[in-house]
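Here the structure comes first, spelled out in structure tokens, and everything after it is commentary.
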Amino acid sequence: MNRPSLNDLAAFAAIASHRSFRKAADALGVSRSALSHTMLALEQTLGVRLLNRTTRSVSLTDAGARLLSHLGPVFQGLDFDAGVRLAEAVPRDMVAVRLGGDVRFVAVASPAYLDGRNTPATPHDLQQHRCIRQRLPSGKRYRWEFIKHGQEITVDVPGALTLDDSELMVEAAADGLGIAYVPENFTKQMVRSGRLVMVLEDWCPPIPGLVFYYPGNRHVPSALRAFIDTLKETNRILPH
């Protein structure tokens, strides 16, 4: 079972704090689409819905509130001298420690499914294909989100099969049932073996991971220092 990354948890804490995807994305220096991908990956990993989303507001579910209470001592205690955002947006006089690797969603299909079909060149071409749709923890279907050169496209893809588990979606795609859109880490083994190939790869860029930053010229409280040391140790053993 995959474990949530610190990158995912930091994104969740930002959304919970701002109660808005737009405000959290602005604060973190990422796009709303990137933040949506990150949250979807986190909810899939944990197998529970963390946020209630409407067109106007975002609120915590009971599970989300419990998770935030555990993260509170770290993320809610940050002041104007420390925070979480993209590395490129951190002031030069700050020290930055990465929270995790990049996040990426990819579209995959089996060679057998693509045989005799036109491989999609743009996200809109998915309307001519069988897609393995995804049901969110809220019960709604996930609309696939793509980005290229700053252009964001959201597609409500067609398909008779709807699942709520990324591993099952990958298996279904490998069995030739259609195109799936899932976190890349679920697909790597089957792509290496040739059972799956990526499509629309240039529309599926990695989403840069976040960093935790803090001032290097001031006294760091012991609790914050312990957290920073944990981050550094985690990064040391993570693959780069």
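As the structure is a computational prediction, the values presented were derived from the model and not from experiment.
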>> Quick one, L40 with F105, criterion side-chain contact (heavy atoms from CB on, under 4.5 Å). Give me CA distance, side-chain angles, the key distance, then yes/no.
In response: CA-CA 10 Å; L40 178 60; F105 270 59; 3.7 Å; yes

>> Ignoring hydrogens, what is the shortest heavy-atom contact between M169 and I132? Give both atom names and the distance.
In response: CE-O, 3.3 Å

> Is it true that I147 and V106 fall in one hydrophobic cluster, defined by side-chain heavy atoms closer than 4.5 Å?
Replying inline: no

Just list the side-chain donor-acceptor pairs under 3.5 Å for residues 14-21, sequence neighbours left out, or say none.
residue, atom, partner, partner atom, Å
R19, NH1, A16, O, 2.1
S20, OG, R22, N, 3.3
S20, OG, K23, N, 3.1

> What pair of heavy atoms forms the shortest contact from A63 to R49, and how long is it?
Replying inline: CB-O, 3.9 Å

> Considering all heavy atoms of both residues, which atom of L200 and which atom of C204 are nearest to each other, and what is their separation?
Replying inline: O-SG, 3.3 Å

>> The criterion is side chain to side chain contact (heavy atoms under 4.5 Å, CB included); which residues satisfy it with Q128, sequence neighbours excluded?
In response: none

> Are any non-hydrogen side-chain atoms of C131 and Y181 less than 4.5 angstrom apart?
Replying inline: no

> Can you pull the salt bridge (Lys or Arg N to Asp or Glu O under 4.0 Å) pairs that have at least one residue in residues 175-187, sequence neighbours excluded?
Replying inline: R104-E184, D175-R195

> With sequence neighbours left out, what residues match D202 under side chain to side chain contact (heavy atoms under 4.5 Å, CB included)?
Replying inline: K148

>> According to ring-ring contact (aromatic ring centres under 6.0 Å, His included), who are the partners of F12, at least two apart in sequence or on a separate chain?
In response: none

> Below 4.5 Å, heavy atoms only, C-beta onward: do T61 and L51 meet side chain to side chain?
Replying inline: no

>> Can you confirm whether L67 sits close enough to L9 that some side-chain heavy atom of one is under 4.5 Å from a side-chain heavy atom of the other?
In response: yes

> Under the side chain to side chain contact (heavy atoms under 4.5 Å, CB included) test, which residues partner R117, sequence neighbours left out?
Replying inline: Y113, H129, R130

>> Using the side-chain hydrogen bond (donor to acceptor under 3.5 Å, both in side chains) criterion, which residues pair with E145? Sequence neighbours excluded.
In response: S36, Y142

> CG/L50 to CE/M39 distance, rounded to the nearest 0.5 angstrom?
Replying inline: 5.0 Å

> Under 3.5 Å, side chain of E167 to main-chain N/O of F186, donor-acceptor pair present?
Replying inline: no

>> For the CG atom of D156 and the CG atom of L126, what is their distance to the nearest 0.5 Å?
In response: 11.0 Å

> For S110 and A174, which heavy atoms make the closest approach, and how far apart are they?
Replying inline: CB-O, 3.7 Å

>> Main chain of A11, side chain of T38: is a donor-acceptor contact present, judged purely on distance under 3.5 Å?
In response: no

>> For the CD atom on Q189, are there more than 12 heavy atoms of other groups (residues, nucleotides or ligands in this structure) within a distance under 6.0 Å?
In response: no

>> Please enumerate all residues that pass side chain to side chain contact (heavy atoms under 4.5 Å, CB included) together with V199, with sequence neighbours excluded.
In response: A107, L114, T119, P120, I179

